[in-house]
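Below you'll find the structure, written out as structure tokens, and then a few comments.
Treat the numbers as computed from the prediction; the structure is a model and nothing was measured.
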Amino acid sequence: MKLNGIRTILRSVELPGLLRNPYALLSIFWLLACALANPFGDFPLNDDWAYGRNVYYLVEEGRLAFSEWPAMTLVAQVLWGAAWCKLFGFSFTVLRFSTLVLGLAGLFAFYASLRELGGSRRLSVWSALVLGLNPLYFSLSFTFMTDVPFLALFLLSIFLFIKAWGSGRVGHIVIGTLLAIAATLIRQFGLLAPLAFGLAWLGRERNIKSVWPALAPLAFTWLAMQGYTGWLEQQQGLSVHFGRPEDALKGFFSTAFWTHVSWRPGAFLFYWGVFLLPFTFRQWPTWPKGKMEWGFLIGLVALAVLAAIPAWPYLPTGNVWDGLSLGPKVLKDTYFGKNLNPELNPGGWGVVKILAFIGGGSFLWQWVLHFRREGFYFSALHFPGPGSIPGLALLGYLLYLLAGHYFFDRYHLPALPLLMLLLVSAKAPGLSKRPWLAGGLLLGMATFSIAATHDYLAWNRARWRLLDSMVEQEGISPNKIDGGFEFNGWHETGPRNPLQRYGKGWWFVAEDDYALSFGPLDCYTKYKAAVFHRWLPPGKDSMLVSVRQPLPRPDTVFCDAESRTTDEQQFFTSRPGQLMGNGVCRDSTHIFSGKYSTRLSESCPYGFTTWLKGVGPCTRVGMSAWRYGQGSRAGIVISAPDANAFYQTEASHVVDRNGMWEKIQFELTLPESYPDSTVVLYLWNPGAKAVWFDDVSVWY
């Protein structure tokens with residue numbers, strides 16, 4: 001009785017007119033959350049150094065050019081960012097604010113779509129807050145990554161197409177198509193919006209007159225994307241990573257597809273469950289009625305368990321959400337799992353996974369109940385009806401996620417609003433009788449999103465404060481610094497290196513005389529540090545720049561396989577007294593220079609074995625060789641005499657090509673824990689096909 005009295009009093013309170021406006025309410029929540037996280041700071045985050053560079057080319061140099069990194073169309077986002085930078089000057093702070101504006105526009109579009117599909121004002125505002133305060137959506141809004149700008153335009157397009165469903169007005173279709181084109185010119189799968197609209201429209205009208213309004217949006221969007229792709233290919237060529245829609249189709253025929261199918265549905269359930277918990281528990285499903293529905297529930301639980309088991313070891317899938325933090329930490333010490341504090345331990349991850357799968361199962365239960373009680377085949381997609389537009393778009397996107405090569409956590413973001421739109425359009429049964437539970441979950445998610453985003457920007461401010469002082473005040477070249485992925489990508493310090501724990505960072509490091517980290521590094525001494533304040537957990541932390549201990553001048557040993565010892569067991573080298581083994585593998589079928597090379601095959605798998613003595617911790621060693629043949633697994637091994645104590649291999653790092661020959665290279669620094677004074681370097685072909693090697697160099 002007391003609770004009912006309180007509710008009556010609260011309902012009688014007249015809110016100011018501004019707060020009764022849902023768009024004003026969403027704006028206030030968004031601005032307050034953004035202010036708490038603090039968006040200021042002129043530095044790139046994640047991949048947006050590459051996208052920001054494209055804006056820089058356009059604003060500062062007057063040319064539209066794209067680096068090799070982006071795989072998406074991107075041009076609409078570049079034009080958007082350039083418009084902001086023309087007004088306010090180029091900086092990553094300006095680009096960040098341009099994304100925050102689109103983030104709010106995406107929430108408006110999502111709210112308006114929910115209302116069009118029959119959602120109440122209260123439920124629609126709540127759902128928009130669930131999206132906006134989601135860790136993925138919120139943290140990515142503080143970057144110039146493509147995720148939020150794409151999703152904002154995609155949702156605006158979906159809204160106009162839903163609007164056109166009810167109004168039948170050509171203007172709504174035209175504007176929806178223009179927005180779909182803009183979304184597709186950021187990310188290629190913006191095509192899903194007009195495709196879903198076209199299929200839904202054809203399903204409703206089913207006559208010849210419906211073909212043109214159904215197909216025209218898709219046709220114009222496709223032509224815009226193809227026209228831009230052709231222009232870019234002609235002007236500068238496409239990035240090696242550039243994705244075409246037909247490439248996505250190839251994923252269904254790849255050897256990895258069935259592996260993806262075995263565990264990725266479980267990952268869908270995990271991310272839907274954890275990120276939609278406040279929505280799911282506000283729309284709490286009713287309990288089963290009758291034996292049949294209980295059977296459905298038991299079957300659903302069994303399916304959820306079967307999906308969770310194969311997905312369990314793959315979770316989380318990485319890039320943005322890392323337990324107690326947001327944003328990737330791609331630094332010399334963190335990339336391979338050191339100094340990742342604050343970190344969620346395996347037990348904590350187990351609890352999160354269990355709760356997520358319970359939430360995902362509850363979400364699906366609402367869907368199953370609707371399917372059961374509606375009783376027609378397409379009810380899961382609400383076909384035909386306005387809800388089928390987000391439903392068909394969701395189906396297409398999930399197929400893309402199943403077949404795609406990459407599978408980061410942020411790729412699940414577009415599915416979240418589509419799922420909520422689909423369920424609201426179904427008018428799923430029952431509201432929670434415990435709204436405090438849903439409210440507590442939303443408050444918890446908002447607190448984490450704001451605090452973790454604040455910390456992500458805080459440690460990056462400390463990072464760039466350190467690095468900028470070294471470059472601008474001390475005159476240290478960026479080429480001598482491993483400042484992490486964003487720093488080296490933005491400064492274009494070097495080529496991409498192989499992914500090796502003890503080598504240079506793969507992120508374009510030229511020389512790593514100085515290295516940035518969260519903690520101490522092997523073979524480095526502290527140079528300087530910067531303190532920052534974090535909220536999770538509350539306290540101080542610091543970033544370190546360390547300087548490498550001086551390395552001796554490299555001594556290079558060269559062998560061209562031309563001269564052997566009298567027993568034909570070893571090769572002579574350019575250094576007197578230094579021999580390389582496996583002389584019996586010498587061959588003359590394919591040669592890079594001289595008369596001989598080495599043929600490695602099943603009968604003779606090892607070549608040019610070199611024992612270097614007098615080395616130890618912090619010694620930098622390397623090996624290169626020219627390779628001929630189809631054995632891409634054939635490469636370089638660097639190990640201790642006891643391979644169980646230290647063993648590293650590299651076969652894919654190609655640094656040069658000459659006809660059918662390619663030069664592979666592997667270099668690393670022996671760690672402080674290296675157990676021996678001798679190191680062994682050799683070439684190894686583990687495959688069945690023969691591979692030839694020639695002109696080998698070893699340095700240390």
Side-chain angles (χ1 to χ4, degrees), residues 134-136 147 151 189 192 195-196 247-277 279-280 283 285 295-321 349-372 377-383 387-388 390-423 426 428:
N134 169 279
L136 298 180
D147 303 81
L151 185 55
F189 44 82
L192 290 173
L195 176 61
D247 294 334
L249 296 176
K250 293 177 183 177
F252 292 99
F253 305 99
S254 68
T255 55
F257 176 70
W258 292 110
T259 302
H260 295 167
V261 170
S262 70
W263 70 270
R264 287 188 178 182
F268 295 166
L269 197 62
F270 170 79
Y271 282 109
W272 299 353
V274 74
F275 289 135
L276 292 177
L277 271 178
F279 177 86
T280 302
Q283 295 290 107
F296 276 125
L297 179 58
I298 293 169
L300 183 64
V301 170
L303 285 174
V305 171
L306 289 174
I309 290 172
W312 195 274
Y314 290 94
L315 298 170
T317 58
N319 195 255
V320 173
W321 180 39
W349 269 118
V351 172
V352 169
K353 291 177 185 179
I354 291 170
L355 290 175
F357 282 115
I358 291 173
S362 300
F363 186 89
L364 289 182
W365 177 238
Q366 297 182 51
W367 212 343
V368 167
L369 280 184
H370 174 70
F371 180 82
R372 157 73 179 150
Y377 183 73
F378 283 115
S379 64
L381 294 174
H382 318 305
F383 187 87
S388 62
L392 291 167
L394 174 66
L395 178 61
Y397 189 68
L398 294 184
L399 290 173
Y400 162 78
L401 288 183
L402 273 180
H405 177 69
Y406 296 104
F407 195 72
F408 295 129
D409 54 14
R410 58 189 173 87
Y411 288 2
H412 295 271
L413 181 57
L416 302 180
L418 296 176
L419 284 162
M420 288 189 278
L421 287 171
L422 195 55
L423 202 57

Which residues share a salt bridge (charged side-chain N to carboxylate O under 4.0 Å, His left out) with R410, sequence neighbours left out: D47, D147
With sequence neighbours left out, the residues meeting ring-ring contact (aromatic ring centres under 6.0 Å, His included) with W349 are W321
Parallel, tilted or perpendicular: which describes the rings of Y314 and W263, with under 30° parallel and over 60° perpendicular? parallel
Between L315 and Y271, is a side chain to side chain contact (heavy atoms under 4.5 Å, CB included) present by the stated rule, with each step listed? CA-CA 10 Å; L315 298 170; Y271 282 109; 4.1 Å; yes
Mind checking side chain to side chain donor-acceptor pair (under 3.5 Å) for D409 and listing every partner two or more places apart, or none if nothing turns up? none
Check H412 against L401 and note the closest heavy-atom contact, atom names and distance. ND1-CD1, 4.3 Å
Sorted by first residue and then second, give each salt bridge (Lys or Arg N to Asp or Glu O under 4.0 Å) pair with at least one member in residues 296-307; sequence neighbours left out. none
Please collect all salt bridge (Lys or Arg N to Asp or Glu O under 4.0 Å) contacts where either partner lies in residues 309-321, sequence neighbours excluded, each pair once. none
Quick one: side-chain hydrogen bond (donor to acceptor under 3.5 Å, both in side chains) pairs with a partner in residues 395-408, sequence neighbours left out? none
Which residues share a side chain to side chain contact (heavy atoms under 4.5 Å, CB included) with A302, sequence neighbours left out: none
What pairs meet the salt bridge (Lys or Arg N to Asp or Glu O under 4.0 Å) rule with one or both residues in residues 299-314, with sequence neighbours excluded? none
Applying salt bridge (Lys or Arg N to Asp or Glu O under 4.0 Å) as the test, list every pair that has at least one member in residues 352-367; sequence neighbours left out. none
The ring-ring contact (aromatic ring centres under 6.0 Å, His included) partners of Y411 (sequence neighbours excluded) come to F408
Testing the basics here: between L300 and G361, what is the closest heavy-atom pair and its distance to 0.1 Å? CD2-O, 3.6 Å
Side chain to side chain donor-acceptor pair (under 3.5 Å) partners for N134, two or more places apart: none
All side chain to side chain contact (heavy atoms under 4.5 Å, CB included) counterparts of A356, not counting sequence neighbours: F270, V274
For L413 and F275: C-alpha separation, side-chain torsions, deciding distance, then whether side chain to side chain contact (heavy atoms under 4.5 Å, CB included) applies. CA-CA 9 Å; L413 181 57; F275 289 135; over 6 Å; no
